[in-house]
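A short worksheet on the structure shown next.
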Amino acid sequence: MPDGLGGVLSAWAEDDPPRAQRAAATLRGLLATRGQGVGVWDGSALTLPGCPWELAFSSGDPAWRYTVEPGPPQAPEARLDLAVDLLGGLGARRPEEALLQTLRSLQKGRPSTARAHIGVRHGPEGDRFKLYVELPELSWRVAETTLAPWLRAPLSWHGEARNLRAALVGLGPGSQQIELYGGVDRLYGAELATLMAPSGLERRAPAVLALVRSCLTWPDGSLLPGPHWGFSHGLSPNGAPTFTVYTMARTLFGPDGASREALLGLTRRLGLNLGHYARLSAPLVGRRGFMGCHGMFGVVVANDAPLNIWIGLAPPGCAR
């Protein structure tokens, strides 16, 4: 098993032993599909250190969350079908075959980047799962057109001129409705409302922009920092439309030590709770390496509810 696993399982066990037993069995089972031998815990594109599993902490969801890239590192082209089979073994209903076939076709010919991941959320009352399928080198318009039968509503922008790309499909097994993730280069603050418009949440753009800008330690400008930003349109558990905008944590906060300090400060300022984040990120205090453990940082909008944040974190023991 990979480094860093023991500390995570210990933190969970102290909090809720029965739930920790479920979580340990699920996580160990998924990680076991990586196989044995040299290199099985390295080289994954899921995290910056190459670790094939990543923790996630959300201020809007108290569940213990993580994502796993299953299967041997040498066989990414088979990962979608493996992930679907693994989810079936966990009791999740299989997505309809027409959707799976469409996703296979979108990945065809791209074996080195045809990745699929399994997202897991362990709540007090039970477990939830999500299938993530990468869509490499695909334009947003092609993805939206091809996947239209499974989208809640059209996600086009009137007069679209930017080179938006599709990045990922998220699917909760048992639901035939997908969440589509996209990416854009060099995002301007004024464009945020346009990205949010398909979900009818553009009125919340000033609040999201203010939160993002509050994270910055350099003067504001019309262009948000960093070369790449991501976004997604989806549904909350009660069916309300949601929008998420995200970028690498290091883009906003800097290396691991600075990211940890900034995130804890942000949660205190906003009155938010990131669960076990403070404890599990403690080994990163003062760490300055830029190829570190913090992954994506996102801001989540759901109707008029308070804004929430989430952060991805490769278990610190995985980083060399």
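Being a predicted model, the structure only gives us computed values, none of them experimental.
A distance of 6.5 Å separates CG in Leu164 from CG in Leu195, rounded to the nearest 0.5 Å. Taking CG from Leu48 and CZ from Arg250, the interatomic distance works out to 5.0 Å, rounded to the nearest 0.5 Å. Rounded to the nearest 0.5 angstrom, Leu106 CG and Leu80 CG are separated by 10.5 Å. Atom CG of Leu168 and atom CG of Leu180 lie 8.5 Å apart (nearest 0.5 Å). Annotation: the span from Ile311 atom CD1 to Arg260 atom CZ amounts to 12.5 Å, rounded to 0.5 Å. In this structure, CD on Gln21 lies 11.5 Å from CG on Leu9, to the nearest 0.5 angstrom.
In this structure, Arg79 contributes its side chain and Pro70 its backbone to a donor-acceptor pair below 3.5 Å. Side chain of Ser105 to main chain of Thr102: a donor-acceptor pair is present (N/O by atom type, distance under 3.5 Å, no hydrogens or angles). In this structure a side-chain-to-backbone donor-acceptor pair under 3.5 Å is missing from Thr242 to Val301. Judged by distance alone, the side chain of His233 and the main-chain N or O of Thr244 form no donor-acceptor pair under 3.5 Å. Proximity of a side-chain donor or acceptor of Ser139 to a complementary backbone N or O of Val142 within less than 3.5 Å is detected. With hydrogens and angles disregarded, no donor-acceptor distance shorter than 3.5 Å links the side chain of Glu179 to the backbone of Val169. Formation of a donor-acceptor pair under 3.5 Å by the Thr146 side chain with backbone atoms of Ala143 is not found in this model. With hydrogens and angles ignored, the 3.5 Å screen pairs a side-chain donor or acceptor of Thr33 with a backbone N or O of Gly71.
Here Glu144 pairs with nothing under the salt bridge (Lys or Arg N to Asp or Glu O under 4.0 Å) rule; sequence neighbours left out. Here Glu202 pairs with nothing under the salt bridge (Lys or Arg N to Asp or Glu O under 4.0 Å) rule; sequence neighbours left out.
Looking at Arg19 and Glu125, no side-chain N of the basic residue comes within less than 4.0 Å of a carboxylate O on the acidic one, giving no salt bridge. Using a 4.0 Å cut-off between a side-chain N of Lys or Arg and a carboxylate O of Asp or Glu, Arg288 and Asp256 do not qualify as a salt bridge. Salt-bridge annotation for Arg22 and Asp127: present, with a side-chain N of the basic residue lying under 4.0 Å from a carboxylate O of the acidic one. A salt bridge is defined here as a Lys NZ or Arg NE, NH1 or NH2 lying under 4.0 Å from an Asp or Glu carboxylate O, and Arg65 with Glu54 fails to meet this definition.
Put simply, Leu280 and Leu46 are part of two different groups of oily side chains (I, L, V, M, F, W, Y) that touch within less than 4.5 Å, one to the next.
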| query | Which is it for Glu191 and Arg186 under the salt bridge (charged side-chain N to carboxylate O under 4.0 Å, His left out) test, yes or no, and what are the steps along the way? | reply | CA-CA 10 Å; Glu191 296 178 310; Arg186 313 300 294 175; over 6 Å; no

| request: Would you check, one step at a time, whether the test side-chain contact (heavy atoms from CB on, under 4.5 Å) holds for Tyr132 with Arg115? | output: CA-CA 8 Å; Tyr132 295 100; Arg115 289 181 283 264; over 6 Å; no

| said: Run Trp229 and Val212 through side-chain contact (heavy atoms from CB on, under 4.5 Å) and show every step you take. | reply: CA-CA 12 Å; Trp229 284 76; Val212 171; 3.8 Å; yes

| request: Quick one: do Leu5 and Trp53 satisfy side-chain contact (heavy atoms from CB on, under 4.5 Å)? Show the steps, please. | output: CA-CA 10 Å; Leu5 180 61; Trp53 70 297; 3.9 Å; yes

| request: Could you walk me through whether Gln107 and Val133 pass the side-chain contact (heavy atoms from CB on, under 4.5 Å) test, one step at a time? | output: CA-CA 9 Å; Gln107 287 192 331; Val133 183; 3.3 Å; yes

| field | Criterion ring-ring contact (aromatic ring centres under 6.0 Å, His included) on Phe297 and Tyr246, from CA distance to verdict | value | CA-CA 5 Å; Phe297 167 81; Tyr246 53 90; over 10 Å; no

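The shortest distance between side-chain heavy atoms of His294 and Leu284 falls below 4.5 Å. By the 4.5 Å heavy-atom criterion applied to side chains, Leu264 and Tyr277 are counted as neighbours. At a threshold of 4.5 Å between non-hydrogen side-chain atoms, the residues Leu135 and Leu147 count as touching. Annotation: side chain of Cys215 is in contact with side chain of Leu266 (closest heavy-atom distance under 4.5 Å). Between Leu211 and Leu270 the shortest side-chain heavy-atom distance falls below 4.5 Å. When side chains are defined from C-beta on, Val245 does not count as touching Met196, because their heavy atoms never get closer than 4.5 Å. At least one side-chain heavy atom of Leu99 sits less than 4.5 Å from a side-chain heavy atom of Leu171. In this structure, Thr247 and His228 have side chains that are not in contact, with every pair of non-hydrogen atoms separated by 4.5 Å or more.
Residues Pro49 and Cys293 come closest through the heavy atom pair CG-CA, 4.3 Å. Shown here for Val84 and Pro95, the closest heavy-atom pair between the two residues is CG1-CD, 4.2 Å. Contact record, Pro73 with Arg34: CG-NH2, 3.3 Å, taken as the closest heavy-atom pair. Contact record, Ala83 with Leu131: CB-CD1, 3.7 Å, taken as the closest heavy-atom pair. Summarising the geometry of Leu274 relative to Ser58, their closest heavy-atom pair is CD2-C, 3.9 Å, with the distance given to 0.1 Å. Nearest heavy atom pair, residue His276 against residue Asp15, reads CE1-OD2, 3.4 Å.
Every pair passing side-chain hydrogen bond (donor to acceptor under 3.5 Å, both in side chains) that includes a residue from residues 261-272 is listed here, sequence neighbours excluded: Ser214-Arg269.
Judged by a 6.0 Å distance limit and a 45° cone about the ring axis, Arg121 is not positioned over the six-membered ring of Trp64.
In the model, Arg104 has a side-chain atom that pairs as donor or acceptor with a side-chain atom of Gln101 under 3.5 Å. Checking Ser44 against Glu69 by side-chain atom types alone, a donor-acceptor pair falls below 3.5 Å. No side-chain N or O of Asn273 forms a donor-acceptor pair with one of Ser59 less than 3.5 Å apart. Between the side chains of Thr67 and His117, no donor-acceptor pair is found at a separation under 3.5 Å.
Between His122 and Tyr66, the ring planes are tilted. Angles from 30° to 60° get that label. Using bins of under 30°, 30° to 60° and over 60° for the plane-to-plane angle, the ring pair Phe231/Trp140 lands in the tilted bin.
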